[in-house]
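Right, one structure below, let's go through it.
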Amino acid sequence: MKRNLLYISSILALTFGSISCSDSFLELEPKTGQVEANYYKTEDQALLAVAAVYDAYSVQNWQFVPTMSDIFSDDAFCGGSNVNDMSQWHEMEMFNMTAENNSSSDLWNRCYSGIYRANLYLQKQEGVEWKTEGMKARLEAETLFLRAYFYWDLVRHFGYTPIITEVLPSVEDYKNLPQNTPAELFTQIASDLLKAVAALPVQIPSSEKGRISKGAAQALIARIYLYHEGFAKPVIGVPAWSDGNTTIDKTYAQTALEQIISSNAYILLPDYTDLWDWENQNNAESLLEIQYSDKAKSGDWGGWNINGNFSSVWVGVRNPVGDNGRIYPGWSFAQPTWSLYNEFETGDPRRDAAIYNADQRLTSYTKAFMNTGFFNNKYLALNAYIGSGGDPSHNFPRNFADIRYADVLLMASELFLTDNPAKAVNYFNLVRTRSLGAGAAKTNVTIDDIYHERRVEFAGEGLRKWDLLRRGNDYAAARINASFNVPSGLPNQADFAPRTFRAETWGMFPIPASEIRNTNDGALSQMVPAYK
């Protein structure tokens, strides 16, 4: 069920029946019949309300950012059964999105639904009878983190969107909201994250896996800072990043990452392949994971009641035969490119961990549109993990790794590259030698080395698009366009019609036409250059 920004405001009751979570706090039983008048009174109700904000963070609903980001980049082709299958993603891939694009509207709705839930909780938390010391501060910090994340998704995908920090009295109030600039959105994000960092715990006990830690907030700040510094400032023209009091600059980001490292709260797992073991989720390398489970037993294709990892089916193989029946049938979207496959060095075990080579491992499968023979092995749906009820496609209990400790180390390596080269090399080699061995360690590191390492380390995790953009439009264009220079003699050569990178899109989406129609004239008039 879509949560349109405008009619969200008329909701007078919240039913938290789709909590996509696992482990203790994130497995709260759904409560129905709870109206606003008698809700937000107890700590249990507060926990459930915040779990509902987490739920909006996890929703895929045909707009899952990591999958779309990989398709936008040089790491994956859209794929599917044909060029009309998930046409909204094909439009994105070919830089011809329109305001009627469904993924654009789904993403907008998902973010504002999460913001509404966050605002409602923050507005009601004073009415809770708090008994547990520190609980109010922690839940508030988690909610602020999640609200900042929704605004992060909005600013990097739409640029100009309304900032809403309270539940407004009427639909007309929403229709007349002023449209904020990217600079104002970044200020709001900074404000929420800086408040969250101060109150979040460093360590998350095993009974609370999936909850947000101080390290997750610090790492997200560093990730946003790199995009802000590399792309938002030079291309969009935003000023220095600040909440009005604290400036998040290079020194701040370096310090935040160093604090994560020195906390000893996280480690690199010795074996890279263990990261993708379905029995080893929320492991010691994970700072932030999107939690999925089969508990909802969902059969609803609308998106909001899907609590399993739906993207596992998106990236799966069509009609697989062989490999001892391991592979659950999927839809062949986001197929890894030859460009990505060839990026891996000889003998790098990360290649086979990240990329499933169906031509080598299967007896047969349906080679659909834009088939490369490669599939995202990290999140491939497996028959051994079919959910206990509902539509199997909706109920795969596979979390999505949003921020890993390896990313902390490589971001730190990049940020210290000129200031402290020795430290940069050390952090870089910790990641590189984990997979390639001590003999692969480098004595000097360049920004290109770091980008190579990031690409192979995070293949299939949705980070490549943002890495490309923060090195500038020319860099992104060269690599995205080159990924369509596919091997000659392919039986499906015509599937890979060249595309031309459009710098004026800023890598963003058009503001949904449905939102423009539902607001008063001129309320959503500011656009990214490509969509004016």
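Note that the numbering runs from 1 along the sequence shown for the chain. For clarity, every value in this text was computed on a predicted model and none was experimentally measured.
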Give the ring-plane orientation class for Phe400 versus Tyr379, where under 30° counts as parallel, over 60° as perpendicular and anything between as tilted. parallel
Ring geometry between Tyr341 and Phe374 (parallel below 30°, tilted from 30 to 60°, perpendicular above 60°): parallel
Return the orientation label for the Tyr40 and Tyr121 ring planes: parallel under 30°, perpendicular over 60°, tilted otherwise. tilted
For Asp74 and Ser483, test the side chains for any donor-to-acceptor distance below 3.5 angstrom and give the result as yes or no. no
Strictly by salt bridge (charged side-chain N to carboxylate O under 4.0 Å, His left out), give each pair with a member in residues 378-387 just once, sequence neighbours left out. Lys378-Glu461
Listed partners of Arg398 passing salt bridge (charged side-chain N to carboxylate O under 4.0 Å, His left out), at least two apart: none
Hits for side-chain hydrogen bond (donor to acceptor under 3.5 Å, both in side chains) against Asp407, two or more places apart or cross-chain, chain-then-number order -> Arg223, Arg454
The criterion is side chain to side chain contact (heavy atoms under 4.5 Å, CB included); which residues satisfy it with Asn492, sequence neighbours excluded? Asn371, Leu490, Asp495, Phe496
Any side-chain donor paired with an acceptor under 3.5 Å for Tyr272 and Glu285? no
With a 4.5 Å cut-off on side-chain heavy atoms, are Lys175 and Asn518 touching? no
Do Asp402 and Tyr57 get their side chains close enough for a donor-acceptor pair, meaning under 3.5 Å? yes
Side chains of Arg455 and Ser339 only: does a donor on one sit below 3.5 Å from an acceptor on the other? yes
Answer with yes or no whether the side chains of Asn282 and Gln291 bring together a donor and an acceptor at under 3.5 Å. yes
Mark yes or no: Arg471 above the aromatic ring of Tyr451, with NZ or CZ under 6.0 Å from the six-membered ring centre and no more than 45 degrees from the axis. yes
Do Phe333 and Phe369 have ring centroids that are under 6.0 Å from one another? no
Ring centres under 6.0 Å, that's the criterion: do Phe396 and Tyr292 meet it? no
Residues forming a side chain to side chain contact (heavy atoms under 4.5 Å, CB included) with Ser69, sequence neighbours excluded: Val65, Lys465, Trp466
Any donor-acceptor pair under 3.5 Å linking the side-chain atoms of Asn473 with those of Glu504? no
Classify the side-chain pair Glu289/Asn399 by whether it contains a donor and acceptor separated by less than 3.5 Å. yes
Set of residues satisfying side chain to side chain contact (heavy atoms under 4.5 Å, CB included) with respect to Ser213, sequence neighbours excluded: Ile204, Ala216, Tyr266
